[in-house]
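Here the structure comes first, spelled out in structure tokens, and everything after it is commentary.
Note that these values count all heavy atoms, side chains included, but never hydrogens, waters or copies made by symmetry.
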Amino acid sequence: MLERLNQALDHLEAGLDREVDMAEVARLAAVSEYHFRRLFSALAGMPLPVYVRRRRMTLAGAEVLAGDLTLLDIAVRYGYSSGEAFARAFRSVHGIGPGEARRTGAVLTAQPRMSFRVVVEGSTTMRYRIVEKESFRVIGSKARLPLVREGINEAAAAHAAGLDKESIVRMKELVGREPEGILSAVVYLTDSREEGAEADYWIGVVTAPGVVDEELEVLDVPAGAWAVFDNHGPYPNALQELWRDVFTQWFPSNPYTSRTGPELLRTQPVEIGAETDSQLWIPVERHTGKLGT
């Protein structure tokens, strides 16, 4: 699968001077466009459109400094209909406008071309199982929070701490399906998995469809397959490392792709650095491409 991903990136690279057909890029990777965008963001640490813009502006920056073409010609070459739009994109990457960069010979920022590979470290194994679940409902409390890739998510911790005892008691009384107990659910609002990107963060319980509670919010989840990963380690670093390894090692090595749906996490928060058991549920579907081709 990594070979297919790199073929897709080669195709993307060759089309930076025109509108990129993301569906075709994903087809070359033998995965859905949704999964390709999500996988890229997890592997690269930035959304796919941001990478494309940075790569375009890296190439455009070299042409701006070379001085062989007019700035408008360069703008059109890289898909911008006006000099103003090109200048905004250029400044967002380089911190300086193209005209000033050409006049002063400014130092610009380069986005290196990416390729993916698996790095094997030690002999760590990942314990997982695939679970087919009927539709279910998450009932609980929701907050829109920024993603944190390393360390404690203070906003999420504050959301959890703000739950009153009565709400927690009601949640526990509604538990009816696996995964049991109070858990968190993350619903991503975009394809981005970069630091600071916003997501809807739920604290609640899994119940049967149709269960309601007048004081709590509801998230309906359709039927589908889930990859379930068991984890034990220091909180929260072991969880964040597990999530990273799922996308950088497990997905590229297994015949599954991610699908739309919340990521579920059942854990027992403890003091920072203390050991705890956790379980991560990722919505998946089996892909039809051949592994490693």
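The distance from the CG atom of Leu39 to the CZ atom of Phe247 is 7.5 Å, given to the nearest 0.5 Å. The line from CG of Asn231 to CZ of Arg266 is 12.5 Å long, rounded to the nearest 0.5 Å. In this structure, Glu63 CD and Asp17 CG are separated by 9.0 Å, a value rounded to the nearest 0.5 Å. Here the CG-NE2 distance, from Leu145 to His159, works out to 6.5 Å after rounding to the nearest 0.5 Å. Put simply, OG on Ser141 and CH2 on Trp202 are 8.0 Å apart, with the number rounded to the nearest 0.5 Å. Taking CG of Leu242 as the reference point, atom CH2 of Trp250 lies at 11.5 Å (rounded to 0.5 Å).
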Are Glu84 and Arg88 close enough, and set up right, to give a salt bridge (charged side-chain N to carboxylate O under 4.0 Å, His left out), and what steps lead you there? CA-CA 6 Å; Glu84 291 79 7; Arg88 286 194 298 271; over 6 Å; no
Kindly indicate, with the supporting measurements, whether the criterion side chain to side chain contact (heavy atoms under 4.5 Å, CB included) is fulfilled by Met22 and Val52. CA-CA 11 Å; Met22 292 302 179; Val52 171; 3.7 Å; yes
Quick one, Lys172 with Ile182, criterion side chain to side chain contact (heavy atoms under 4.5 Å, CB included). Give me CA distance, side-chain angles, the key distance, then yes/no. CA-CA 7 Å; Lys172 290 181 177 180; Ile182 293 180; 4.0 Å; yes
Derivation of the side chain to side chain contact (heavy atoms under 4.5 Å, CB included) call for Val212 and Arg137: CA-CA 9 Å; Val212 295; Arg137 173 170 283 185; 3.5 Å; yes
Could you give me the CA-CA distance, side-chain angles and deciding distance for Lys142 and Val187, then say whether side chain to side chain contact (heavy atoms under 4.5 Å, CB included) is met? CA-CA 10 Å; Lys142 177 183 71 172; Val187 178; over 6 Å; no
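Ion pairing of Arg170 with Asp164 is absent here, as no side-chain N (NZ or NE/NH1/NH2) approaches a carboxylate O to less than 4.0 Å.
Figure legend: Arg129 and Trp226 shown without cation-pi pairing, the cationic atom not lying both under 6.0 angstrom from the six-membered ring centre and within 45 degrees of its axis.
Counting heavy atoms from C-beta outward, Asn6 and Leu9 have side chains that approach closer than 4.5 Å. Leu147 has its side chain within reach of Tyr188: a pair of non-hydrogen atoms, C-beta onward, lies under 4.5 Å apart. In this structure, Arg144 and Leu189 have side chains that are in contact, with non-hydrogen atoms separated by less than 4.5 Å. At a threshold of 4.5 Å between non-hydrogen side-chain atoms, the residues Gln111 and Met57 do not count as touching. Side-chain contact between Trp281 and Val131: present, with at least one pair of heavy atoms (C-beta onward) separated by less than 4.5 Å. Counting only heavy atoms from C-beta outward, the side chains of Leu239 and Leu280 never approach each other to under 4.5 Å. In this structure, the side chains of Leu108 and Ile96 come closer than 4.5 Å at one or more pairs of heavy atoms. Inter-residue side-chain proximity for Arg177 and Glu134 is flagged as met; some heavy-atom pair is nearer than 4.5 Å.
Under the 3.5 Å distance criterion, the side-chain polar atoms of Arg102 are matched with a main-chain donor or acceptor of Val64. Side chain of Ser41 to main chain of Arg37: no donor-acceptor pair is present (N/O by atom type, distance under 3.5 Å, no hydrogens or angles). The backbone N or O of Pro209 lies less than 3.5 Å from no partner atom in the side chain of Asp220, so there is not a single donor-acceptor pair. Distance alone, capped at 3.5 Å, places no donor-acceptor pair between the Arg55 side chain and the Met114 backbone. Looking at Arg54, its side chain never comes within 3.5 Å of a backbone N or O of Pro112 through a donor-acceptor pair.
Taking all atoms of both residues into account, the shortest heavy-atom contact from Glu285 to Ser258 is OE2-O, 4.4 Å. In terms of heavy atoms, Ile130 sits closest to Ala225 at CG2-CB, 4.4 Å. Across Glu13 and Leu59, no two heavy atoms sit closer than the pair OE2-CD1, 4.5 Å. When all heavy atoms of Phe90 and Gly61 are compared, the closest pair comes out as CE1-CA, 3.7 Å. Heavy-atom minimum distance, Pro262 versus Pro283: O-CD, 3.5 Å. Pairing each heavy atom of Leu265 with each of Ser278, the nearest pair is CD1-CB, 4.2 Å.
Hydrophobic cluster membership differs between Ile203 and Val206, with clusters built from Ile, Leu, Val, Met, Phe, Trp and Tyr side chains linked at under 4.5 angstrom. There is no path of hydrophobic side-chain contacts, each under 4.5 Å, that joins Ile282 to Val221. At a threshold of 4.5 Å between side-chain heavy atoms, the hydrophobic network of Ile, Leu, Val, Met, Phe, Trp and Tyr places Phe36 and Met46 in one connected group. In terms of hydrophobic clustering, with Ile, Leu, Val, Met, Phe, Trp and Tyr side chains grouped at heavy-atom distances under 4.5 Å, Val246 and Val284 are assigned to a common cluster. Neither Val76 nor Phe86 shares a network with the other; the hydrophobic side chains, linked directly or stepwise wherever heavy atoms of I, L, V, M, F, W or Y lie under 4.5 Å apart, form separate groups for each.
Relative orientation of the His35 and Phe251 rings is perpendicular, given thresholds of 30° and 60° on the angle between their planes. Between Phe40 and Tyr51, the angle of the ring planes lies from 30° to 60°, which puts this pair in the tilted group.
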